Structures are given as C-alpha cells and as structure tokens.
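Comments concern the structure below.
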Number of protein chains: 2
Amino acid sequence: MTEQQAVLDMLEILECGGCVEPAHFFTLMRRTFRIAHLLYLEAEPYADELKVCRLHHTFGAYAAEIYRSRGLHRIDPILKLALGGVRPVEWTMARHRFPECEPLFQAAQEIGISTEGVALPLPSPAGRMALLAINVNMSASEWSTYRRHHLRDFQLAANLFHAAMLEHGAMAGSITTRDMRLTGRETEVLTWAAAGKSYWEIATILGISERTVRFFMTNARRKLNVVSNTQAVAQAVRHALIPTV
Amino acid sequence: MTEQQAVLDMLEILECGGCVEPAHFFTLMRRTFRIAHLLYLEAEPYADELKVCRLHHTFGAYAAEIYRSRGLHRIDPILKLALGGVRPVEWTMARHRFPECEPLFQAAQEIGISTEGVALPLPSPAGRMALLAINVNMSASEWSTYRRHHLRDFQLAANLFHAAMLEHGAMAGSITTRDMRLTGRETEVLTWAAAGKSYWEIATILGISERTVRFFMTNARRKLNVVSNTQAVAQAVRHALIPTV
DNA sequence: TGCGTAACTGTCAGTAGCGACAGTTCAAAT
DNA sequence: ATTTGAACTGTCGCTACTGACAGTTACGCA
C-alpha cells in the first residue's frame, strides 16, 4: 500500500498547513496522483458577472489566452455548476447536459488537453465561492475507476488547500477584508434598509438623526463600491454582511 | 480490502443522491465506520446569535436537553470554529485551545458520551453555514490512527450528504409558489436594480420605456409583499429569485 | 369568442434618496 | 500626547423613486 501511504502523507502535510503556495500544492498533487492539470479559482458574484479573486492553474499561458479570447467563460458549464453547488461536477456530465458548451471542449482537444476531469466546489464563508478543477489524461473507463478510488482524496485535499489559502489570504489582506469591512452602525442601517425602512424610520428605530443614518449609509456605499442603497443591500445580502431575516 | 470496498460503495450511494433522510445517512455512516454519534447542523448568522435551520443528531433527547438547558451552545468552541472556518476541527484540539469550554466536555462525560471526535465545516452558498460532527468511542491513539485513514471519507461523505440536503431543501423550501413567482421581466428589472441601475438606465438597457420599468418593479414589489425596491432586491437575493452570477 | 396573463405606455404630485458643503465628540491606539 | 477611527449632526439642491390615475396590445387557452 505504498500509494495509499503517499496519499495519507500528502493529506497530513496539507492538514498541518504546510502548503500555502499554489505551485507547491499543484506539484504535490501531480506527484501523488495521476493528474494532468489543476485549476484553483476563487470568485465572488458581481452584478451579472463574476469577479475573480484568485486564479491559479497549470494549463499554461496559451490555453488561458484561448479561453479568454474566445470568451469561453460565458459558456463554461463547470463554472456555473461548481461555483453554484456543493456536489462534485464531472466534466463529461456537464458536457452532455449543456450542448451549447461544445466550443469549450473542442478548444481543449485542439490544444491537446484532455476532456476528462472533475471540478470540486469549495464554498467559502461570506458569500465567496471557489473551486478546484482536476484534469486527467485517461480513458473514460480508466478515469471512472480512478475517480471512484480517489475522489475522497481530492475532496479533502482541495478543502485543506482552500482553507490554507483563505487563512493565508486573510493575513495578506484581500480585496474584501480590508476596506470592505463594515462598522456596527453601517451594518445596522443596511439591515433596516433591507427590511424596507426609510431613513426617517431607521433614524427613529436607532434613536439617531436622519442625517446620521444617511452618513452611515453613504459610508457603506463607499466601502462596498456601489452607487445606490439598493445595490448596497444586494451586495450585503450576497456577501452575508447583514443577518438574514 | 472489504472495508475499503464498503466505504467506496457507501460514497457511491451518496453521490447518486440516494440518501436524503438524515436518519438513513446516520445509519449508513455508523454501519460503515466505527462512529458512535453524528450531528448535522445547518445555521445562518442572525445578529450576534445563530439561527438553526436544520438540526439532526443521534445523541438522544437527554443529551440535547442537557445541552440546551445548560446553555452549552454559548461556550461550544466547535460551533464557532466549524461554522466559521473551512478546516476540520478536532474536538480535543478545541478543548485545549478554549479552557472555558470545560463544562461542555464534562457534561459529555457525565452522560457517557466520548470526547473524541471531529467536526467538518460544510459552508453553503448564500452565507449559510453547516457542519457535520462525528463522535467516536476510542482511545486518543486509536482515534488518531483511525482519523488519519478515514478523514477523507468523512469529508466526502459529509459534502455529498450536505449537497443532498441542500438540493432536497431547495425543493421543499420553494413552496413559495403561491404568488411570489416573478415573471421574466420582473426578474430582469430586479436584477439590474440589484446592480445599481436607475429606472432610466434599465429602460435603456432593456429597450423599453422608463414607465414600463416602473410597472414591472411595482408588480415585483407587490408580489414580494415589500415596500421598497431596496427591500425587494434584498428579498430576491435571499430567496435566489435573481441570478447571483 | 371570451378570459386571463404578460408586456407595454403616459402624466401628475409627493416623498425619498443622494451628493457636497462643513462640522463635533469620544475612545482607543501609537 | 497626538493621531486615528467610529459615531454623530446640520443645510441645500437635485435626481430618483413611488403611488394613483387610466389605458393598449398580443398571446394562449377553454
């Protein structure tokens, strides 16, 4: 059981938080498993687009350029499924369920990238979403067996790596955690605004002046980088910055 | 490798979505692994408290009553750590890091519940949080070895069960089919309003008159039973009535 | 052929939201 | 002891939103 031992050793390294470099993690994964390529994506929802917070992968610059220039992110079903759900997403399954995404898989074949793989959703706190996509160079039947044995390893490894990235990122101060943190009052006024209260009502509820409510709301809008109270509330709800009714 | 086979079989059952009953899942887990007790909790942050959305466990009514009556949730470090993070939380680790939680573990010993176990965070979309706590009846050293081998199984099983619960809950929760179902245009204008667009901008985007945008928005407010666009958007985001991506 | 529903439009008057002006007070951190 | 940040307040003027008035058009279905 040398292979088993190697897997367990790798997982132990990850659990001890000894792997915060994406490149290091990718190397470790490729050494331990029969993996062709890896992709780690951390994003947050934004209006009708996705805002990418972190992106690391081993597909190379050429593949990334193809993906970007052809706008394949618009039809990529793996993004939608993995960033929206909790369940692992099988690439071939996504391909069959969404015929309109054929250009994506054809582009992959063009540049010699296999179309077998799985994407693991890694939901994070505060409304962010992340995924680890794993690409393998195997036949369908081979992959089926391999996946059956190692999906659990992939899932735990992905979770541990993701945890390390989040902890590390919190220190490094990502886009969300530095200037976007709302004060107590800002959260309060947003919460009441989301409950449909007007400035006057909020002022009465909190026992402060209407002007002050506007002050907090303006600060909240500035911090959230939005233009209206409505947008601010949408953002706050999405990012779980205000309590759910 | 009979044990390995049993584990893989169980994970396959879970992956096929063949296990939405918590009691069924718990039985399956206890039959497959050397687990004493299980607890599944789904909650969402509310003000400075936690609002429990779903709670299933095998600890029995007496233990639950002890936990509730003594207010142990206030000092339970596992709740804090597991609902706040992404990394598995070891019970003894939490016990040593938070000396003030001793009453919790003493209560467990009183009623004959082991203090060895692990809690797996299961973050969900939309700011909700969940965890699966696993309690075992082993010595510390025994648990250490067992955990090393099976944490990956626990993690994947927990994720798959959680996914099934979410999917099932989405069905059960969407009994909102009374009059709260929005039409296509209503969804569109709400989406753009959530993106911070004004009536004039939305009208331009959709190629209709500003009055018509107001018409749809008014209908949406009436259907959602709210008084402002801001509240409507908050409600729509919370109930996933408008696309988050 | 009617009936219901979704999509669409116009006008008026009142209220609410929002930006920009210019401040004070208090507690904690450096 | 100075600085930083949160909490707080006032006024002016413009724009956006909201309710209530009163309609038309097109589609599917019984």
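Hydrogens, waters and symmetry mates play no part in the numbers below; they use all other heavy atoms, side chains included. What you see is a predicted model; the values in this text were computed from it and never measured. In what follows, chains are A, B, ... by sequence order, proteins preceding strands, each numbered from 1.
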Fill in the blank from the handout: Expected list for residues 209-218 of chain A near DNA chain D, using heavy atoms below 4.0 Å, is S209(A), R211(A), T212(A), R214(A), F215(A), F216(A)
Exercise for the section: Would you classify N229(B) as touching base, sugar-phosphate or nothing, given that sugar-phosphate means primed atoms plus P, OP1 and OP2, and contacts are heavy atoms under 4.0 Å? Expected result: sugar-phosphate
Completion exercise
In short, the helix from dT1(C)-dA30(D) to dT30(C)-dA1(D) is bent end to end, axes from five pairs each side, to 10°, by 60°
Practice task
Please check the phosphate of dT5(C) (OP1 and OP2 only) for any side-chain N or O of T183(B) closer than 4.0 Å.
Solution key: no
Practice task
Would you give a per-nucleotide map of nucleotides 24-30 of chain C, 5' to 3', where B means the base has a protein non-hydrogen atom under 4.0 Å away, S means only the sugar-phosphate does, and - means neither?
Solution key: -------
Handout entry: Interatomic distance where CG belongs to N219(A) and P belongs to dG19(C) [whole Å]
Key = 11 Å
Handout entry: Salt bridge E90(B)-R95(B), side-chain N to carboxylate O under 4.0 Å
Key = no
Handout entry: Spacing of CH2 belonging to W200(A) relative to CD1 belonging to I205(A), to within rounding of 0.5 Å
Key = 9.0 Å
Exercise for the section: Look at the side-chain N and O atoms of Y199(A) and state whether any lies under 4.0 Å from the OP1 or OP2 oxygen of dT15(C). Expected result: no
Practice task
Can you sort out the partners of E188(B) under side-chain contact (heavy atoms from CB on, under 4.5 Å), two or more places apart, ordered by chain and number?
Solution key: R185(B), L206(B)
Handout entry: Geometric class of the Y40(B)/F161(B) ring pair [parallel <30°, tilted 30-60°, perpendicular >60°]
Key = perpendicular
Problem - Atom pair CG/CG of L132(A) and L39(A) - distance to nearest 0.5 Å - result: 7.5 Å
Completion exercise
Footprint ends on DNA chain D, 5' to 3', for atoms under 4.0 angstrom from a heavy atom of chain A, come out as dA6(D) to dC12(D)
Exercise for the section: Mind checking side chain to side chain donor-acceptor pair (under 3.5 Å) for S198(B) and listing every partner two or more places apart, or none if nothing turns up? Expected result: E201(B)
Problem - N/O donor-acceptor pair under 3.5 Å between T191(B) side chain and T187(B) backbone - result: yes
Exercise for the section: Please work out which of the three classes, parallel, tilted or perpendicular, describes the rings of Y67(A) and H73(A), given edges at 30° and 60°. Expected result: tilted
Practice task
May I ask you to decide if T183(A)'s main-chain N or O and E186(A)'s side chain share a donor-acceptor pair within less than 3.5 Å?
Solution key: yes
Completion exercise
Separation of dA6(C) atom C1' from E186(B) atom CD, nearest Å, is 9 Å
Practice task
Salt-bridge test for R70(B) and E110(B): reply yes if a basic N is under 4.0 Å from a carboxylate O, no otherwise.
Solution key: yes
Practice task
With the side chain counted from C-beta on, respond yes when N135(B) and F59(B) share a heavy-atom pair under 4.5 Å apart, and no when they do not.
Solution key: yes
Problem - Test item: E65(A) side-chain N/O and A61(A) main-chain N/O as donor-acceptor pair under 3.5 Å - result: no
Practice task
For the pair T218(B) (side chain) and R214(B) (backbone), establish whether a donor and an acceptor sit closer than 3.5 Å, ignoring hydrogens and angles.
Solution key: yes
